[in-house]
Amino acid sequence: MPFVKSERLRKLPPYLFAEIDKRKKAAIAAGRDVINLGVGDPDRPTPRPIIESLQKNVENPAFHQYALDQGAPELRRAIAAFCRERYGLELDPDSEILPLIGSKEGIAHLPLAVLNPGDISLVPDPCYPVYRSSSMFAGADVYAMTLEPSLGFHPDLDAIPADVYARARLMFLNYPNNPTGSAADLAFFRRVNELAEAHDLVIAQDAAYNEMYFDEPPPSLLQVPGAKDHAIEFHSLSKTFNMTGWRVGFAIGGASLIAALGQVKANVDSGIFTAIQFAGKTALDHYRELAPPIRALYRERRDAFVGAMRKLGWEVPSPSATFYVWIPCPKGYTSTELCTRLLEEASVVTTPGVGFGRTADGYIRAALTVETPRLLEAVERIGKLTL
Ligand SMILES: Cc1ncc(COP(=O)(O)O)c(C=O)c1O
């Protein structure tokens, strides 16, 4: 009998980025000069002090053994100091902080700690696809909360039916937002916290892009008084420090939520290579010097790209955070049709909005992860198309 995948895998939509990668590889294999604005992966290298920290620590034989489940105390203390300085939070490094093998790992495991089969998981639409798939893996029903353009790509929390709230146990949020580039303020988080209290919800706020901002520094959900009772927030070093390949992030939140996520992890992984945890500590210790130049680079790229697209007549909003530009499709195009034309006729890779959610078929996403001259070349090529 041929092998048949589990039902849980068969239920999943195809993983969006794998599909795009396939198409991009085919174009490259055909010898075309492809400009890839498809994947949110920083193109610049990790800053020197972080690399040097790893080089030094990799020599330490004590780090060659299994890492501690709850992460190195040195990293947890560095995270606590960072959160104190950046957000004014007082977190106990022993119970309210959990290092992760990248924030994706924690996001993917959280539903196993929170949801029972048949519970509802409230998931933004569009969104980073892992919220949906991890909720499904836990046997939950997914309720899509449309991110409304008219509400600054926030969900209309009052439009969620009472019977949905009654069955919901978990709400994912992601601000600054991938893919829309929108942000949230403390007033929004206060409202979310009230709902969490009223409906006994766990709020999982994905703050992977919190340090990639161009206006006001985005807040932490945990700045809302009482939020620790319901909230867990995911942070990532990946984009802040050009460290996507290193796999280091962290969760902060109330001790019982952090312990529950830690319990899942203790059963599936054995922590982050300790030398990488120390490199993560170096990154956070030097946040003040290392993060601003990276932010400045993306600001320059954003202004160049958005400015050039607007000159062509496209109505492109300028994101206040993240390195994503969320572009409304010209009339008559679905996101897949537009992305296909950009790839086939301009060799520019973008991501169709529909891959992030059913409500986003009128948008494509461009990631500012190539140098400014290439961004401008992409715009020039797009300008030559008649759309
Ligand atoms: C919204 C969002 N959350 C989380 C992640 C995962 O980041 P990492 O696992 O590298 O920390 C990504 C990566 O692209 C993302 O876009």
Side-chain angles (χ1 to χ4, degrees), residues 15-21 36-44 46 50 71 75 79 82 97-111 123-135 145 147 153-155 171-184 203-213 218 220-221 232-252 261 265 268-269 271-273 276-277 279-280 283-284 291 294 298 319 321-326 349-351 353 355-357 360 365-369:
Y15 193 63
L16 171 77
F17 305 116
E19 285 297 313
I20 286 167
D21 224 35
N36 186 6
L37 311 182
V39 182
D41 194 348
D43 52 311
R44 292 279 182 101
T46 306
I50 304 173
L75 174 58
I79 293 167
F82 166 76
I97 292 174
L98 186 63
L100 300 169
I101 312 168
S103 62
K104 180 181 188 179
E105 178 262 303
I107 292 165
H109 285 139
L110 179 75
V123 171
D125 188 307
C127 74
Y128 181 56
V130 182
Y131 315 140
R132 206 179 296 126
S133 53
S134 60
S135 299
M145 302 186 291
L147 299 187
F153 293 103
H154 290 189
M171 177 190 282
F172 276 106
L173 292 172
N174 166 220
Y175 292 103
N177 185 256
N178 174 15
T180 67
S182 60
I203 309 294
Q205 148 64 0
D206 178 355
Y209 295 93
N210 252 32
E211 311 314 322
M212 191 178 284
Y213 58 84
S220 162
L221 171 59
I232 183 162
E233 190 166 73
F234 292 97
H235 291 254
S236 174
L237 275 61
S238 290
K239 314 290 161 85
T240 315
F241 302 106
N242 300 339
M243 291 179 77
T244 47
W246 296 59
R247 312 313 300 133
V248 55
F250 58 90
I252 56 178
L261 179 57
K265 280 173 60 57
V268 288
D269 70 60
I272 314 163
F273 179 30
I276 289 183
Q277 296 194 53
L284 291 171
I294 295 174
Y298 291 117
T322 79
F323 52 28
Y324 299 118
V325 184
W326 191 233
V349 180
T350 52
T351 312
F356 296 99
R365 191 194 75 176
L368 303 171
T369 46

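These numbers come from the heavy atoms of this one structure, side chains and all, not from hydrogens, waters or symmetry mates. Ligands are counted one by one from 1 in listed order, and the atoms in each one are counted from 1 as well.
- Of all the atoms in ligand 1, the ones that sit under 4.0 Å from a non-hydrogen atom of Asn174 are 1 (C).
- Remark: side-chain polar atoms of Gln277 are paired, donor with acceptor, to backbone N or O of Ile272 under 3.5 angstrom.
- Here atom 11 (O) of ligand 1 lies nearest to Ser236 when heavy atoms of Ser236, Pro129, Gly40, Cys127 are compared.
- Between Asp206 and ligand 1, at least one pair of N/O atoms sits closer than 3.5 Å.
- Considering only non-hydrogen protein atoms, atom 10 (O) of ligand 1 sits nearest to Ser238 OG, 2.6 Å.
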* To do: Assess whether side-chain hydrogen bond (donor to acceptor under 3.5 Å, both in side chains) is satisfied between Thr369 and Asp41, documenting all intermediate values.
  => CA-CA 6 Å; Thr369 46; Asp41 194 348; over 6 Å; no

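- Contacts of Tyr209 with ligand 1, taken as heavy-atom pairs under 4.0 Å, involve the side chain alone.
- Note on Glu105 versus Lys265: salt bridge recorded, some NZ/NE/NH1/NH2 to OD/OE distance being below 4.0 Å.
- To the nearest 0.5 Å, atoms CG (Asp206) and CG (Asn177) are separated by 9.0 Å.
- Contact between Thr244 and ligand 1 is absent, with no heavy atom of the residue lying under 4.0 Å from the ligand.
- Atom 14 (O) of ligand 1 has its closest protein heavy atom at Lys239 NZ, 2.8 Å.
- Among protein heavy atoms, the minimum distance from atom 9 (O) of ligand 1 is reached at Arg247 NH2, 2.7 Å.
- Close approach of ligand 1 to Gly102 (heavy-atom distance below 4.0 Å) involves ligand atoms 9 (O), 11 (O).
- Look at Tyr131 and you'll find a heavy atom under 4.0 Å from some atom of ligand 1.
- Of all atoms in ligand 1, listed by their number and element, those nearer than 4.0 Å to a heavy atom of Lys104 are 6 (C), 8 (P), 9 (O).
- Two rings, from Tyr324 and Tyr209, have their centers less than 6.0 Å apart.
- By the ring pair (Phe, Tyr, Trp, His ring centres under 6.0 Å) test, His154 is found to be paired with Tyr175, Phe188, residues two or more places apart in sequence or in another chain being considered.
- With hydrogens and angles ignored, the 3.5 Å screen pairs a side-chain donor or acceptor of Asn174 with a backbone N or O of Pro176.
- Of the candidates Ala108, Gly249, Ser103, Pro179, it is Ser103 that places a heavy atom closest to atom 8 (P) of ligand 1.
- Remark: the backbone N or O of Asn242 is paired with a side-chain donor or acceptor of Thr46 at under 3.5 angstrom.
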